[in-house]
Amino acid sequence: ILNKESSSTALGASLLRLTEWLHRFHKKPAMVFIDEYDTPAHSAFTHGYYDELILFLRNWLSAGFKDNVHLELGLLTGILHIAKEGVFSGLNNLRTFTILKEPFQEYFGLLESEVKDLLKDYALLHKLPEIRQWYDGYQIGSCKGLYNPWSVLNCIATGGTLAPYWVQTSDNALVKRLLARGTEELKISLEALLQGGTIEKTMEEGISLSELDKRSDAVWTLLLFSGYVTLDATPMYGSPCRLRIPNLEVMELYQSMIRDWFKTSLEDTKYHKLLSSLTSGDVETFSQIFREFMLSSVSVFDIPFEESEKIYHAFVLGILVGLKDQYDVKSNRESGLGRYDVILFPKNPNDLGIIIEFKKTERKIDLKKTASSALKQIEEKRYVQELLDRGTHRILQLGFAFAGKEVFIAHINPP
């Protein structure tokens, strides 16, 4: 095996043989602990050798755990319970404990009392409020307020420096692929999460990775079990789970992924020019680059007309992630006499405030008329009021009209 000269039969029996030799040497049955048992399956799914890997795992685990007289106890940990491929078929006395169940719920992360003790030991207790925002927020079963252990320990080791430690070390390839290829329903749900909201999804504790490209509910199971979303309420059997993004560290991962998606469609320099032209009020340049952006993202917009406004909305919000340091981006909130689509609230009230309203039309010939109606709605519903209340008086109003991938942007400049 070490020389990579073993037959597949010998590899399949290797775990059984290892327990046998340990039993013979120590005169007592062995205990087998396998961490991240499903990681090879994730890699195989991503790189195209999934069926071969599953066949090997099934034989390897069955030989090592089923009717093995040399085994005292076996423990496997991982993200997903890969059940439907029959990896665990026939294993003796198998019990599964997931993050939806009560047993062991407090051991999936660090409790706040444990974090406080650690911070006291390193004279960093004053950093607790910031560390809570970055690494707290997980709920397992009914246990709330769990911290990511890896991130907390790395933060302490660096003297309290806040950074996305976990998302930098975890393998995000599968998650990125599934989100990028996701349905319009998935992208709308993701938008709600990015705005700080919650969504409800049905979870299935034992799933098949091969289903992930076909079923959006299976994707949410992966995101929940791998820590990219968390429970927002104690799960009830037979009911959908309420989900949210747990903390700033994970939010940073989503924002980074969105930036990467857009940068693959448009060069980095143009992306920054797109944002700078918007915040400076150069609507002509912004419109030109935005149209290029739309045309280079064809696959994103193969969607039904009735869903198009929601998807354009999510698309623009994704672009605006790059402005998070300068603006608070709010979506679908009450203001004046109605509910606006997007408002960019400048963190410096002397900067330009921006209101965006979306309208769709089936005919390209109606684009200008539709964009004008969007501006009229901004005026009639007095969406500017919330910006004015916050002390922002330079306000740019934009009406976006979409017909397929064609877009026209009308505007009213600040006085």
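Bear in mind that the values here come from a model prediction, so they are computed numbers and not experimental data.
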Ring center gap for Tyr228 and Trp166 short of 6.0 angstrom: yes
Rounded to the nearest 0.5 angstrom, the CH2-SG distance for Trp220 and Cys241 is 12.5 Å
Over 12 non-hydrogen atoms of neighbours within 6.0 angstrom of OH in Tyr107: no
Residues, nucleotides or ligands: over 12 heavy atoms within 6.0 Å of Lys116 NZ: no
Using a 6.0 Å cut-off, check whether atom CZ of Phe33 has over 12 heavy atoms from anything other than its own residue. yes
Can you find a side-chain donor-acceptor pair between Gln377 and Tyr340 that sits under 3.5 Å? no
Mutual orientation of the aromatic rings belonging to Trp60 and Phe56 [parallel < 30°, tilted 30-60°, perpendicular > 60°]: parallel
What is the minimum heavy-atom distance between Asp232 and Thr198, and which atoms define it? OD2-CG2, 3.6 Å
In sequence, state the C-alpha distance, the side-chain angles, and the governing distance for Phe408 and Phe402, and then conclude on ring-ring contact (aromatic ring centres under 6.0 Å, His included). CA-CA 7 Å; Phe408 182 82; Phe402 297 95; over 10 Å; no
For the NZ atom on Lys127, are there more than 12 heavy atoms of other groups (residues, nucleotides or ligands in this structure) within a distance under 6.0 Å? yes
When every non-hydrogen atom of Gly227 is compared with those of Tyr138, the smallest separation belongs to O-OH, 3.2 Å
I would like to know whether Ile354 and Ile343 meet side-chain contact (heavy atoms from CB on, under 4.5 Å); could you show each step before the answer? CA-CA 6 Å; Ile354 302 168; Ile343 292 185; over 6 Å; no
Under the criterion side-chain contact (heavy atoms from CB on, under 4.5 Å), I'd like the reasoning laid out for Leu396 against Ile412: C-alpha separation, chi angles, the key distance, then a yes or no. CA-CA 6 Å; Leu396 173 64; Ile412 298 175; over 6 Å; no
Looking only at heavy atoms, the pair that brings Gly353 and Pro346 closest together is CA-CD, 3.9 Å
Parallel, tilted or perpendicular: which describes the rings of Tyr165 and Tyr135, with under 30° parallel and over 60° perpendicular? tilted
Candidate pair Leu243 and Met203, rule side-chain contact (heavy atoms from CB on, under 4.5 Å), full reasoning: CA-CA 11 Å; Leu243 309 175; Met203 297 294 115; 3.8 Å; yes
For Leu110 and Pro149, work out which heavy atoms get closest and say how close. CD1-CA, 3.8 Å
Please enumerate all residues that pass side-chain contact (heavy atoms from CB on, under 4.5 Å) together with Lys347, with sequence neighbours excluded. Asp328
Testing Val115, Leu118, Ile131, Leu119 one by one against Cys155 for a side-chain contact (heavy atoms from CB on, under 4.5 Å), which residue passes? Ile131
Using the salt bridge (Lys or Arg N to Asp or Glu O under 4.0 Å) criterion, which residues pair with Arg95? Sequence neighbours excluded. none
Which distance, rounded to the nearest 0.5 Å, do you find between the CG of Leu100 and the CD of Gln139? 10.5 Å
In short, Asn148 meets Glu249 closest at the heavy-atom pair ND2-OE1, 4.0 Å
What are the two closest non-hydrogen atoms of Glu102 and Ser142, and how far apart are they? OE1-OG, 2.8 Å
Between Glu112 and Arg132, is the salt bridge (charged side-chain N to carboxylate O under 4.0 Å, His left out) condition met? List the steps. CA-CA 9 Å; Glu112 178 151 312; Arg132 185 184 292 126; 3.0 Å; yes
